[in-house]
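The chains referred to below are lettered A, B, ... by the order of the sequence lines, with proteins before strands, and numbering in each begins at 1.
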Amino acid sequence: MGVTELGKLIPPEVRKQVELKNLSGKIIAIDAYNALYQFLASIRQPDGTPLMDSKGRITSHLSGLFYRTINLLEEEIWPVYVFDGKTPEMKLLEIARRKKQREEALEKWMKALERGDKEEARKYAKRALFLTNEMVEDAKRLLTLMGVPWVQAPAEGEAQAAYMTRKGDTWAAGSQDYDALLFGSPRLVRNLAITGRRKLPGREEYVEVKPEIIELEAVLKALRLKDRSQLIDLAILLGTDYNPDGVPGIGPQKALKLIHEFGCLEKMLNTVLKNVQWPVDPLKIKEYFLNPPVTDDYKIEFRDPDDKGIIEFLCNEHDFSRDRVLRGIDRLKKALAKRRKARLDAFF
DNA sequence: CCATGGCA
DNA sequence: TGCCATGGG
């Protein structure tokens, strides 16, 4: 979920809409959990049932990861998937809350199915999803077999992605959420998908969705903030994963006004915010965004795919179509060979 | 979300 | 070639 309210404050002119072609040659640190959740939510039958193998194990995340990664590589966009590590203590409340929401959605999904209401069923099925350890391990295994790098973050994946981008090892963080900006990523890419059409929640309508680039500096400038620290303060007022409700009664506009007026959260705590009950010390949240756990223990290296391994894993273990997977592997190899050649040429 | 095949 | 409907596992 992340800092959804913050999105409302980011104006269109800061969201640079681009074509995939414009991202060619870039290495992007993709928030793996974010991507996997999206696949899990969207790769479903009309009644909400996810893709499953013959043993009943969900495979939607593998299908999405396999094909999207190949698509990106064909566009010469180089993904590095960053996986979440240990959940920060501060987030446990939010995790528990999401779990409860999922359980409620699961019940509604089942009831809608009984009624035969596919539309409702699908809606709740999306909310009932959750990522298991097995799914995460599956995803890592598939990436390794494909020769695509992935990084194990010590804690929040978006913090690690931000760190790698700050160092210049990656060009941007890739996620639908805005948290990477709070963690200091100079650049965020959203909507990193191939098919540019997305169904609107309400009706049978579709909108064109293009990848968008959001630069931290541009956000600060547009909101007239002096640094990232103020952006973090703003986010804390609105609600983050560590204080999901934000400050009751304070919406985007009022929050921004307060930051401009007081300059920082510290100066509000004993004044305008003195009666606010915080689930977590807000200054602790701020410190976390400023200095999250990250690691230098990673390598961004693309390897030759293991064809046999991919076939064994996807086709034999998870019942993917052999034809489709073989075509995928073929495209994958060509794309990676192209990178190899381009790098060799650059060397000489 | 993505691949695929049919149809204009 | 582009658009749409359908199935993927």
- Relative to each other, are the rings of A/Phe289 and A/Phe183 parallel, tilted or perpendicular (30° and 60° limits)? tilted
- A/Phe320 CZ to C/dG7 C1': how many Å, rounded? 13 Å
- Item | Cation over ring face, A/Lys99 and A/Phe130, 6.0 Å, 45° | no
- Note on the structure: Atom CZ of A/Phe39 and atom P of C/dG8 are separated, to the nearest Å, by 19 Å
- Any idea which of B/dC2, C/dG8, C/dG9 is nearest the A/Met52 side chain? C/dG9
- A/Ile194 CD1 to B/dT4 P: how many Å, rounded? 14 Å
- Message: Once you apply a heavy-atom cut-off of 4.0 Å, does A/Arg44 come out as touching a base, just sugar-phosphate, or nothing?
- Response: base
- Using distance alone, with no hydrogens and no angle criterion, decide if A/Gln152 and A/Lys140 have a side-chain donor and acceptor under 3.5 Å apart. yes
- Item | Whole-Å gap separating P (B/dC2) and OH (A/Tyr67) | 12 Å
- Protein-nucleotide distance (A/Asp47, atom CG; C/dG7, atom C1'), rounded to Å: 13 Å
- Message: Between the side chains of A/Lys221 and A/Glu217, is the shortest nitrogen-to-carboxylate-oxygen separation below 4.0 Å, so that they form an ion pair?
- Response: no
- Message: For a quick check of understanding: with a heavy-atom distance under 4.0 Å over all strands, which category does A/Ser321 fall into, base, sugar-phosphate or nothing?
- Response: sugar-phosphate
- Item | Rounded interatomic separation in angstrom, taking CG from A/Leu326 and C1' from B/dT4 | 16 Å
- Can you check the A/Arg122 CZ to C/dT6 P distance for me, whole Å? 14 Å
- According to a strict under-4.0 Å criterion, is A/Asn71 in side-chain N/O contact with OP1 or OP2 of B/dA3? yes
- Atom CD of A/Glu74 to atom C1' of B/dC2: distance rounded to whole Å? 12 Å
- Message: When you measure from the side-chain N and O atoms of A/Arg68 to the phosphate of B/dC2, is any distance below 4.0 Å, counting only OP1 and OP2?
- Response: yes
- Listed nucleotide nearest any side-chain atom of A/Ala193, set B/dC1, B/dA3, B/dT4: B/dC1
- Item | A/Lys334/A/Glu74 salt bridge by N-O under 4.0 Å criterion | no
